[in-house]
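Sequence positions, counted from 1, serve as the residue numbers for this chain.
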Amino acid sequence: MTFLSVFSVFKIGIGPSSSHTMGPMTAAKRFLDLILSDDWPRPSGAAVSALKVSLHGSLAYTGIGHGTGRAVIIGLTGEEPDRVDPDRMDDIIAGVEREGQVAPPGHPAYRFVPKDDLVYDKKMPLPGHANGMRFTALDRDGRVLLTTVYYSIGGGFVVTDTELAAMQKQKKQATTQKVPYPFATAKEMLEMARRSGLTIAQMKRANEETVMDRAALDAGLDRIWEAMSGCIDRGLKQEGRLPGGLNVKRRARSIHNKLEEEWRSNRQNPLLANDWLSVYAMAVNEENAAGGRVVTAPTNGAAGVVPATVRYYLHFHPDADQEGIRDYLLTAATIGGIIKHNASISGAEVGCQGEVGSASAMAAAGLAAVMGGSPEQIENAAEIALEHHLGMTCDPVAGLVQVPCIERNALGAVKAVTAASLALKGTGEHFVPLDACVETMRQTGHDMSEKYKETSLGGLAVNVVEC
């Protein structure tokens, strides 16, 4: 198994979509870097003068609602998802549209007129993945100098067509990276835990510390939680309607205010834990829908489940502490890595079972870990959560990560806590292994109609009247 760092599973970026916003922005920046490099056969005396971009597959169908075109434009100015100021993005785009060019740092100005040079090609999907992009550099006479295909494969991950082919070959060869615990499956993870006597978080930590020291790892984990927590807090303070035309009203702040009032008055509420979970998750995904700063967990569309469950842990468990949060994130990332390696976390590839389903499994595992669960109970918790998302489609109305995505994160968090609770009340023995559940998700996604895989051509996307 190729080692997948916790900081690859959890990446700080912007909304509304890791695959449709963060990925394309990253691809644009990669193409700029390629232009300046010596990694392509540059004709003698040729100079890049203009750029063109085409979006394919799911990016073409739902790119407008997901802000894909905006992300490409911003990426071609040299910005990156984890650094760009969300408050400046409208001005950046307006400047490119006004000038008809991009002028990234270290580059000459390139002609780029978005209405002509950014194409949503719904007729020609690219063969490697549903989220395909083709970037082209031309000279001043319009001759093509360089063309590169990128795929946004979920969670903000971007690969070229050649890198994707290498990844697929690597999977078939079952190659491993030199880490102390190179498990590729949940079965291997449990076997290594039994032999070593370590927890899942401890094994993940040992793997991470082959590439960084303990202090750097802890600082990085704390920075991830700080970004997640900050996103919850911002979402709980904002009001108004979300952009995109659906006229969806933010609800997290009003729900939060009611819960605070109940908390202060000591009124009994049998749904209290679920209510807090839901409002935390909704706060994150409302921020995501508004294009705010979020953390992939493992994607933007599913970004609310993990933070909501961590905040729940802090809110309701008196022994919760920073070390527990670190163990939670390490455990959750372990499960996310197994799912990504053996199936997918991309809604465009396997539907929402791969996004919210994976997030719920990660959150269930993390919560079971910090509540004292054994490796077997943690694996069971992840399996329960994922099993009860199998078959879930990705059908965002108008291609916006709003309906049903915001509420779906709330329910994913509730399922995660329920799954952890059920697993902790057992011995860890259970009927369906996590690996079987992950393989079932992969097969289900393969068989699922393209209408239900982030194209907005089926499901709620066509049965809800847009207002």
Q.
Would L164 and V149 count as a side chain to side chain contact (heavy atoms under 4.5 Å, CB included) here? Give the steps.
A. CA-CA 10 Å; L164 182 64; V149 169; over 6 Å; no

**Q.** R442 side chain to S344 side chain, donor-acceptor N/O pair below 3.5 angstrom
**A.** no

Q) Can you find a heavy atom in the side chain of P16 that is under 4.5 Å from one in the side chain of N300? A) no

Q. Sub-3.5 Å donor-acceptor pair from the side chain of N463 to the main-chain atoms of G459, do we have one?
A. yes

Q. Which atoms form the tightest heavy-atom contact between E208 and V6, and what is the distance?
A. OE2-N, 2.7 Å

(Q) Here's a test for you: under salt bridge (charged side-chain N to carboxylate O under 4.0 Å, His left out), which of E260, E262, E261 qualifies with R264? (A) E260

Q: Step by step, work out the side chain to side chain contact (heavy atoms under 4.5 Å, CB included) result for R205 and L221.
A: CA-CA 11 Å; R205 177 176 285 277; L221 292 170; 4.3 Å; yes

**Q.** Ionic contact status for E286 with K237, cut-off 4.0 Å
**A.** no

Q. Would you say the side chains of S421 and K425 form a donor-acceptor pair under 3.5 Å?
A. yes

(Q) Whether the side chain of N131 engages the backbone of S152 through a donor-acceptor N/O pair (distance < 3.5 Å, no angle test) should be reported. (A) yes

(Q) Quick check: Y312 with H317 (ring centres under 6.0 Å apart)? (A) yes

Q) Side-chain donor-acceptor pair under 3.5 Å between E376 and T427, yes or no? A) no

Q) Does the side chain to side chain contact (heavy atoms under 4.5 Å, CB included) test come out yes or no for V248 and L400, once each step is laid out? A) CA-CA 10 Å; V248 172; L400 299 169; over 6 Å; no

Q: Indicate whether any N or O donor in one side chain lies under 3.5 Å from an N or O acceptor in the other, for N342 and E439.
A: no

Q: Check whether any side-chain heavy atom of V356 sits under 4.5 Å from a side-chain heavy atom of N409, and report yes or no.
A: yes

Q | CG-CD1 distance between L434 and I335, expressed to the nearest 0.5 angstrom | A | 5.5 Å

Q: Using only heavy-atom distances, determine whether the side chains of E349 and H446 contain a donor-acceptor pair under 3.5 Å.
A: no

Q. What is the minimum heavy-atom distance between L424 and A368, and which atoms define it?
A. CD2-O, 3.9 Å

Q. How many angstroms lie between atom CD of Q238 and atom CZ of R253, to the nearest 0.5 angstrom?
A. 8.0 Å

Q | Residues K29, D33: salt bridge by 4.0 Å N-O rule | A | yes

Q) Does some side-chain heavy atom of S17 sit less than 4.5 Å from a side-chain heavy atom of M22? A) no

(Q) Nearest 0.5 Å, please: how far is CG in D121 from CZ in R134? (A) 8.5 Å

Q.
Tell me if the CD atom of Q322 is crowded by more than 12 foreign heavy atoms within 6.0 Å.
A. yes

Q) Going by an N to O cut-off under 4.0 Å, is there a salt bridge joining E407 and R251? A) yes

Q) Would F135 and Y150 count as a close aromatic pair, with their ring centres under 6.0 Å? A) yes

Q. So, E355 versus T299: side-chain donor-acceptor pair below 3.5 Å or not?
A. yes

Q) Run the side chain to side chain contact (heavy atoms under 4.5 Å, CB included) check on I378 and T331 step by step: do they pass? A) CA-CA 9 Å; I378 292 166; T331 306; 3.8 Å; yes

Q.
Would E287 and R293 count as a salt bridge (Lys or Arg N to Asp or Glu O under 4.0 Å) here? Give the steps.
A. CA-CA 7 Å; E287 275 296 290; R293 180 76 64 208; over 6 Å; no

Q | Straight-line distance of D395 CG to L460 CG, nearest 0.5 Å | A | 4.5 Å

Q. Side chains of E454 and H66: do they bring a donor and an acceptor to under 3.5 Å?
A. yes

Q. Any side-chain heavy atom of M362 sitting closer than 4.5 Å to one from F10?
A. yes

Q: Answer whether the closest heavy-atom distance between the side chains of K11 and D82 falls below 4.5 Å.
A: no

**Q.** Ion pair E239/R250, N-O distance below 4.0 Å
**A.** no

**Q.** Nearest heavy atoms of I14 and P86, plus distance in Å
**A.** CG2-CG, 4.0 Å

**Q.** Heavy-atom side-chain contact between V414 and S278 under 4.5 Å
**A.** yes

Q: Indicate yes or no: does D233 engage R311 in a salt bridge with an N to O separation below 4.0 Å.
A: yes

(Q) Taking CD in E80 as the centre, count heavy atoms belonging to other residues, nucleotides or ligands within less than 6.0 Å. Is the count above 12? (A) yes

Q: Could you check E79 against R83 for salt bridge (Lys or Arg N to Asp or Glu O under 4.0 Å), going step by step and ending with a plain yes or no?
A: CA-CA 7 Å; E79 296 282 1; R83 298 179 183 276; over 6 Å; no

Q. For R88, does the CZ atom sit with more than 12 other heavy atoms under 6.0 Å from it, leaving out its own atoms?
A. no

Q) Are side-chain heavy atoms of P433 and E383 found at a separation under 4.5 Å? A) no

Q: Report, as yes or no, whether the 6.0 Å neighbourhood of atom CE on M124 holds more than 12 heavy atoms from other residues, nucleotides or ligands.
A: no

Q: Compare every heavy atom of I232 with every heavy atom of P307, then report the nearest pair and how far apart it is.
A: O-CD1, 3.7 Å

Q) Any donor and acceptor pair, going by atom type alone, linking the side chain of K249 with main-chain N or O of G240 inside 3.5 Å? A) no

Q. Is any NZ, NE, NH1 or NH2 atom of the basic residue among R70 and D90 found under 4.0 Å from an Asp or Glu carboxylate oxygen of the other?
A. yes

Q: Measure the spacing between NZ of K204 and OG1 of T199 and express it to the nearest 0.5 Å.
A: 13.0 Å

**Q.** From CD1 (I255) to OH (Y280), nearest 0.5 Å
**A.** 12.5 Å

Q) Is it true that E450 and K453 have a side-chain N and a carboxylate O under 4.0 angstrom from each other? A) yes

Q. Quick one: do the H20 and T62 side chains pair a donor with an acceptor below 3.5 Å?
A. yes

Q.
Quick one about H56 and S54 (side-chain donor to acceptor, distance below 3.5 Å, no hydrogens or angles considered), yes or no?
A. yes

Q) Looking only at heavy atoms, which two atoms of T334 and M189 are closest? And how far apart? A) CG2-SD, 3.8 Å

Q: Identify the two heavy atoms, one from V350 and one from Q353, that lie closest to each other, and give their separation to 0.1 Å.
A: O-NE2, 3.0 Å

Q) Can the ring centres of W263 and H315 be said to be less than 6.0 Å apart? A) yes

Q: Could you tell me whether the side chain of S456 reaches within less than 4.5 Å of the side chain of V397, counting heavy atoms only?
A: no

